[in-house]
Undergrad: 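One structure follows; several queries about it will come next.
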Amino acid sequence: MASKVILVTGGTGLVGKAIEKVAKEEARSDEKWVFVSSKDANLELEADTLALFEKHKPTHVIHLAAMVGGLFRNMAHNIDFFRVNMRINDNVLHCCFKYNVKKCVSCLSTSVFPANSTYPVDETMIYDDVPHESEFGFSFAKLMIDVLNRGYHRQHNCNFTSVILSNVFGPHDNFNLEDGHVIPGLINKAYHSKMNNKPFVIWGTGSPRRQFIYSLDLARLFIWALREYDDVSPIILAVDEEDEVSIKEVAEMVVEAIGFQGEVIHDTSKSDGQFRKTANNAKLRKYLPDFKFTPTKQAIKETVDWFIENYDLAKK
Ligand code: GDP
């Protein structure tokens with residue numbers, strides 16, 4: 001009989017699907033996993049969130065549910081990102097408190113990093129400056145998760161923590177061009193460029209840099225954090241600094257994985273967003289010095305293969 005009931009909100013998204021796969025592969029008899037989506041509860045509503053907790057009575061929670069999107073969706077909807085995510089996070093964490101959840105791990109993002117900073121940024125620097133203005137709604141709402149975690153810990157001794165993620169990609173991603181992140185967007189564009197014999201367009205200059213993380217690597221780290229990481233302060237789950245790549249380099253990997261041989265152009269009328277958000281993963285490396293990340297090129301190839309095989313059901 002499982003003594004731990006682990007509720008995963010946002011359980012059918014990119015990260016949720018990856019956690020489901022890894023949790024199945026590494027199944028433990030004392031753990032029962034429950035993956036829920038917006039179809040199971042509207043977490044913006046307190047009553048729905050309470051009903052969900054009443055139904056499953058979780059002992060542990062991985063809180064992934066959020067209004068998310070790439071740079072362009074964020075820039076166009078800052079206030080929506082702020083309000084929706086504030087409501088969801090407040091409801092979920094308050095229910096974790098009410099239902100005596102032993103541990104909750106929520107997601108922050110490297111977009112919470114200070115707009116003006118020295119690099120790399122580590123966990124101790126996140127309050128040094130406000131986040132970059134391009135995605136301020138999403139970023140401030142994410143930062144407030146850390147405030148909630150600290151508050152519940154200080155006032156009620158709850159073990160609620162968070163992980164800071166860089167740009168995640170993988171199977172089950174959102175491949176929509178307007179709403180999604182750069183790698184799935186580039187995959188979708190390169191696929192159609194190849195099919196229709198059209199130029200492949202990279203938005204922006206291609207020079208911004210990102211530490212991309214493969215969803216299946218992230219899933220293994222997330223499960224480790226749930227089982228082993230007992231500190232209220234956030235921990236950065238990111239690849240090593242030397243694995244940071246430019247948008248141009250990542251576009252080249254996508255082109256190669258798709259097998260596109262036509263013209264590649266840059267649309268520099270589109271925003272570059274934040275130039276870099278380089279994260280220092282030394283805290284993670286202290287716990288897991290030998291953790292091996294999937295090389296980005298291989299992970300992109302696996303994602304491209306998944307996209308082509310699952311074209312009809314892929315979100316796009
Ligand atoms: P971010 O990491 O939060 O900034 O979000 P994204 O995953 O959306 O990455 C944005 C970066 O990729 C910016 O520098 C964009 O100019 C660049 N980019 C290039 N092509 C695309 C594309 O097709 N979609 C998206 N979302 N970004 C693109």
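Every number for a ligand or one of its atoms is a count from 1 in the order of the listing.
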Undergrad: Which residue owns the protein heavy atom closest to atom 8 (O) of ligand 1, what's the atom, and how far is it?
TA: Leu71 N, 2.9 Å
Undergrad: Around atom NZ of Lys198, are there more than 12 heavy atoms from other residues, nucleotides or ligands closer than 6.0 Å?
TA: no
Undergrad: Applying a 4.0 Å heavy-atom criterion (strictly less than), which segment of Asn167 is in contact with ligand 1: side chain, backbone, both, or neither?
TA: side chain
Undergrad: Measure the shortest side-chain to side-chain distance between Leu14 and Val68 over non-hydrogen atoms and say whether it is less than 4.5 angstrom.
TA: no
Undergrad: Nearest 0.5 Å, please: how far is CZ in Arg73 from CZ in Phe138?
TA: 10.5 Å
Undergrad: Any chance you could lay out the salt bridge (Lys or Arg N to Asp or Glu O under 4.0 Å) test for Glu135 and Lys142, step after step, and finish with the verdict?
TA: CA-CA 11 Å; Glu135 305 180 327; Lys142 283 290 178 194; over 6 Å; no
Undergrad: Report the part of Lys270 in contact with ligand 1, treating N, CA, C, O as backbone and CB onward as side chain, heavy atoms under 4.0 Å; options are side chain, backbone, both, neither.
TA: neither
Undergrad: Count the heavy atoms belonging to other residues, nucleotides or ligands that lie under 6.0 Å from CG of Asn197, then report whether that count exceeds 12.
TA: no
Undergrad: Let me confirm one number: the CD1-CD distance from Ile300 to Glu256, rounded to the nearest 0.5 Å.
TA: 10.0 Å
Undergrad: Regarding ligand 1, does Phe72 bring an N or O atom to under 3.5 Å of one of the ligand's N or O atoms?
TA: no
Undergrad: Among Glu178, His132, His181, which one puts a heavy atom closest to atom 6 (P) of ligand 1?
TA: His181
Undergrad: State the atoms of ligand 1, each with its element, that fall below the 4.0 Å cut-off from a heavy-atom position in Arg210.
TA: 1 (P), 2 (O), 4 (O)
Undergrad: Out of Asp267, Leu177, Val182, Thr268, indicate the one that has the non-hydrogen atom closest to atom 28 (C) of ligand 1.
TA: Val182
Undergrad: Looking at ligand 1, is there an atom of it that comes within less than 4.0 Å of some heavy atom belonging to Lys189?
TA: yes
Undergrad: Does ligand 1 have an atom under 4.0 Å from some heavy atom of Gly180?
TA: yes
Undergrad: Among all protein heavy atoms, pick out the one at the shortest distance from atom 22 (C) of ligand 1; state its residue, atom name and that distance to 0.1 Å.
TA: Trp203 CE3, 3.5 Å
Undergrad: How many angstroms lie between CE in Met144 and CG in Asn85, if you round to the nearest 0.5 Å?
TA: 12.5 Å
Undergrad: What atoms of ligand 1 come closer than 4.0 angstrom to any heavy atom of Gly70?
TA: 8 (O)
Undergrad: Under 4.0 Å from any heavy atom of Glu135, which atoms of ligand 1 are there?
TA: 3 (O)
Undergrad: Could you name the option among Gln274, Arg209, Lys277, Met75 that has the heavy atom nearest to atom 1 (P) of ligand 1?
TA: Lys277
Undergrad: Between the side chain of His132 and the main-chain N/O of Ser134, is any donor-acceptor distance below 3.5 Å?
TA: yes
Undergrad: Atom 14 (O) of ligand 1: which protein heavy atom is closest, and how many Å away?
TA: Asp272 O, 2.7 Å
Undergrad: For ligand 1, which part of Ser271 has a heavy atom less than 4.0 Å away: the side chain, the backbone, both, or neither?
TA: backbone
Undergrad: Looking only at protein heavy atoms, which one is nearest to atom 11 (C) of ligand 1, and what is the separation?
TA: Ile247 CD1, 3.9 Å
Undergrad: Does Asn78 use its side chain to pair, donor to acceptor, with the backbone of Gly137 at less than 3.5 Å?
TA: yes
Undergrad: What atoms in ligand 1 come closer than 4.0 Å to a heavy atom of Leu186?
TA: 20 (N)
Undergrad: Give the numbers and elements of all ligand 1 atoms closer than 4.0 Å to a heavy atom of Pro208.
TA: 14 (O)
Undergrad: Tyr191 pairs by ring-ring contact (aromatic ring centres under 6.0 Å, His included) with which of Tyr311, Phe200, Phe175?
TA: Tyr311
Undergrad: Is the backbone N or O of Thr161 less than 3.5 Å from a side-chain atom of Asn149, with the two atoms forming a donor-acceptor pair by type?
TA: yes
